[in-house]
Amino acid sequence: MRLWKLLTLTLALSSLALAQTTITIATVNNPDMITMQKLTPEFEKANPGIKVNWVVLPENELRQKVTTDIATNAGSYDILTIGTYEAPIWGKNGWLVEISGLPASYDLEDIIKPVRAGLSYQGKLYALPFYAESSMLYYRKDLFAAKGLTVPAQPTWTQAINWARTLHNPSGGVYGICLRGLPGWGENMAFLSTLVNTYGGRWFDENWRPQLTSPEWKRAIGQYVELVTKYGPPGVTGNGFTENLTLMAEGKCAMWIDATVAAGYLANPKTSKVADKIGFAKAPVATTPNGSHWLWSWALAIPKSSKKVDAAKTFITWATSKEYIALVGRTQGWVSAPPGTRYSTYANPEYQKAAAFAKTVLDSINTADPTKPTLKPVPYTGVQFVGIPEFQAIGTQVGQFIAGIVAGRTSLDAGLAQAQAAVEKIMKEAGYLK
């Protein structure tokens, strides 16, 4: 009898193991994604038939791997972490599962409209936003106050440059300004595209001719090189979003202009040594406010190559829901709730109380206009990227040329001339230029 019971139990456990579906998620090693990974046991408890396998990668590596995987139909992942650049392009290519048939409780209309639009193609949604962001200025209120400096709600780049010069104190362990320098279309070029935009520059004119040797590009990149080499930390070409986030949280930057998603991390005393000293303002402007701050979402999408679409959809619905945001608020503190995705988050009194930066972030997301990214007309959409398939290669190459200028391997004029030639070659081969 005992043997029979043991055999029955073994068969039951084997049957359960066989019935369990394992889904593999490729994601970026950002703090919010690490929180999602930490809370996944809550999902598995509620969905015992689904087990989640995580592949967590640095941003540049993630972009490369998921792009290769989906373009070759390899099927290594069931869920991809992608953004507002990839979602419409890959949706158009038929590489992603359309997101439809969500339960009424998900409340799709609660997703902030520009964010939803950025993840759609021809009215069809291809990813659900885990968090969304624009860009903004973070600054040390104590250091500014000590020098008698005040920061307006909308600073200018002239002011930011003067502040960096005034506050740079490397012997005291504080650098005047921290900015992305790590080469990559989604790393240094995300920030630099907004800088070029606000100085009145553009990637291409109306006829798709590259504009990288224009006076606006030279002024913007020249200013950037001066800032990071004179008033930034050493080794800037190795610093992307994550590295600068760490520097700012450790109190080593007087200022940082980057993604609004960092606000919760910097304002949380559990993760930031200067949580009570961080001020928030809109990203600086120069010639025009157009394109001075970006619009981006890290979102969860299902590749057509996945054989576990139902399980994958169950997970992404959970991870982007109101209930998940409430779970983060309850377990991690409301200051850490995923920002930028839902109107209900910004209407929540608990979030408003915890997140002094909430209004600035929401305003920045709502006013970023991918259809008018700079002063002059352009044939593309996208603020910190150009919404064409070739931009991934273009942005990464140009990012490497600019890192070469920062490192002193080439002059400003020579580096931008090399970048211009490289982009012209890509655009001719792709058929944009005759």
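Scope of the values below: all heavy atoms of this structure, side chains included, with no hydrogens, waters or symmetry mates.
Side-chain atoms of Arg180 come within 3.5 Å of backbone N or O of Gly186 as a donor-acceptor pair. A donor-acceptor pair is defined here as one N or O able to donate and one able to accept, closer than 3.5 Å; no such pair exists between the side chain of Tyr224 and the backbone of Phe191. A donor-acceptor pair is defined here as one N or O able to donate and one able to accept, closer than 3.5 Å; no such pair exists between the side chain of Ser364 and the backbone of Ser134. When atom types are taken as modelled, the side chain of Asn197 and the backbone of Gly291 share a donor-acceptor pair closer than 3.5 angstrom. In terms of modelled atom types and a separation under 3.5 Å, the side chain of Thr260 and the main chain of Ser135 share no donor-acceptor contact.
Counting all heavy atoms, side chain and backbone alike, Asn60 lies closest to Gly184 at OD1-CA, 4.1 Å. Closest of all the heavy-atom pairs between Asn239 and Pro234 is ND2-O, 4.3 Å. Looking at every heavy atom in both residues, Ala259 comes nearest to Phe241 through CB-CE1, 4.0 Å. Here the shortest heavy-atom pairing between Ala299 and Pro129 reads CB-CA, 3.9 Å.
Under the 4.5 Å side-chain criterion, counting only non-hydrogen atoms from C-beta, Trp54 is in contact with Thr40. In this structure, the side chains of Met33 and Tyr131 come closer than 4.5 Å at one or more pairs of heavy atoms. In this structure, Val225 and Val406 have side chains that are in contact, with non-hydrogen atoms separated by less than 4.5 Å. In this structure the side chain of Met189 reaches within 4.5 angstrom of the side chain of Leu192, judged on heavy atoms. Inter-residue side-chain proximity for Tyr139 and Cys253 is flagged as unmet; no heavy-atom pair is nearer than 4.5 Å. Met248 places a side-chain heavy atom less than 4.5 Å from the side chain of Ile278. The shortest distance between side-chain heavy atoms of Tyr380 and Arg202 falls below 4.5 Å. Using a 4.5 Å heavy-atom cutoff, the side chains of Pro88 and Ser120 are not in contact.
Classified by interplanar angle (parallel below 30°, tilted 30° to 60°, perpendicular above 60°), the ring pair Tyr231/His168 is perpendicular. Between Trp90 and Trp95, the angle of the ring planes lies from 30° to 60°, which puts this pair in the tilted group. Ring geometry, Phe357 versus Tyr351: the interplanar angle exceeds 60°, so the pair is classed perpendicular (tilted spans 30 to 60°). Relative orientation of the Trp296 and Trp185 rings is perpendicular, given thresholds of 30° and 60° on the angle between their planes.
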message = Phe385 vs Phe391, test: ring pair (Phe, Tyr, Trp, His ring centres under 6.0 Å). Steps then yes/no.
response = CA-CA 7 Å; Phe385 60 82; Phe391 184 74; 7.0 Å; no
message = Test side-chain contact (heavy atoms from CB on, under 4.5 Å) on Ile325 and Asn348; report intermediate values, then the result.
response = CA-CA 11 Å; Ile325 292 172; Asn348 186 321; over 6 Å; no
Glu133/Trp298 under side-chain hydrogen bond (donor to acceptor under 3.5 Å, both in side chains): CA gap, chis, key distance, verdict = CA-CA 8 Å; Glu133 65 186 30; Trp298 275 121; 5.3 Å; no
Tyr126 and Tyr121: CA distance, side-chain angles, deciding distance, ring pair (Phe, Tyr, Trp, His ring centres under 6.0 Å) verdict = CA-CA 8 Å; Tyr126 287 99; Tyr121 175 72; 7.2 Å; no
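Salt-bridge check for Glu42 with Lys38: failed, with every basic side-chain N at 4.0 Å or more from each acidic carboxylate O. Between Lys376 and Glu216, at least one side-chain N (NZ, or NE/NH1/NH2) sits under 4.0 Å from a carboxylate O, which counts as a salt bridge. Taking 4.0 Å as the cut-off between side-chain N and carboxylate O, Asp69 and Lys65 do not count as a salt-bridged pair. Between Arg342 and Asp110, at least one side-chain nitrogen of the basic residue sits less than 4.0 Å from a carboxylate oxygen of the acidic one, meeting the salt-bridge criterion. The pair Arg116-Glu109 meets the salt-bridge criterion, with a side-chain N (NZ, NE, NH1 or NH2) lying under 4.0 Å from an Asp/Glu carboxylate O. Salt bridge absent: Lys273 and Glu250 never bring a charged side-chain N and a carboxylate O closer than 4.0 Å.
Looking at Asn268, Thr331, Asp32 one by one, the single match for side chain to side chain donor-acceptor pair (under 3.5 Å) with Ser336 turns out to be Asn268. Results of the side chain to side chain contact (heavy atoms under 4.5 Å, CB included) test with Gln159 over Asn162, Ile161, Thr156 single out Thr156 as the only residue that passes. Screening Phe315, Phe43, Trp318 for a ring-ring contact (aromatic ring centres under 6.0 Å, His included) with Tyr324, the sole residue that qualifies is Trp318.
Side chains of Thr367 and His293: a donor on one and an acceptor on the other come within 3.5 Å. At a cut-off of 3.5 Å, with distance as the only test, no side-chain donor of Thr374 or Tyr199 sits close to an acceptor on the other residue. Counting only N and O atoms by type, the side chains of Thr27 and Thr81 include a donor and acceptor under 3.5 Å apart. Trp203 and Ser193 share a side-chain donor-acceptor pair at under 3.5 Å. In this structure, a donor-acceptor pair under 3.5 Å is present between the side chains of Thr67 and Gln392. Using modelled atom types, one finds no donor on one side chain facing an acceptor on the other under 3.5 Å when comparing Asp413 with Ser411.
Residue Lys313 places its NZ atom among more than 12 non-hydrogen atoms of other residues, nucleotides or ligands, all under 6.0 Å distant. Around atom CD of Gln64, no more than 12 heavy atoms belonging to other residues, nucleotides or ligands sit under 6.0 Å away.
The CD atom of Gln352 sits 10.5 Å away from atom CD of Glu350, with the distance rounded to the nearest 0.5 Å.
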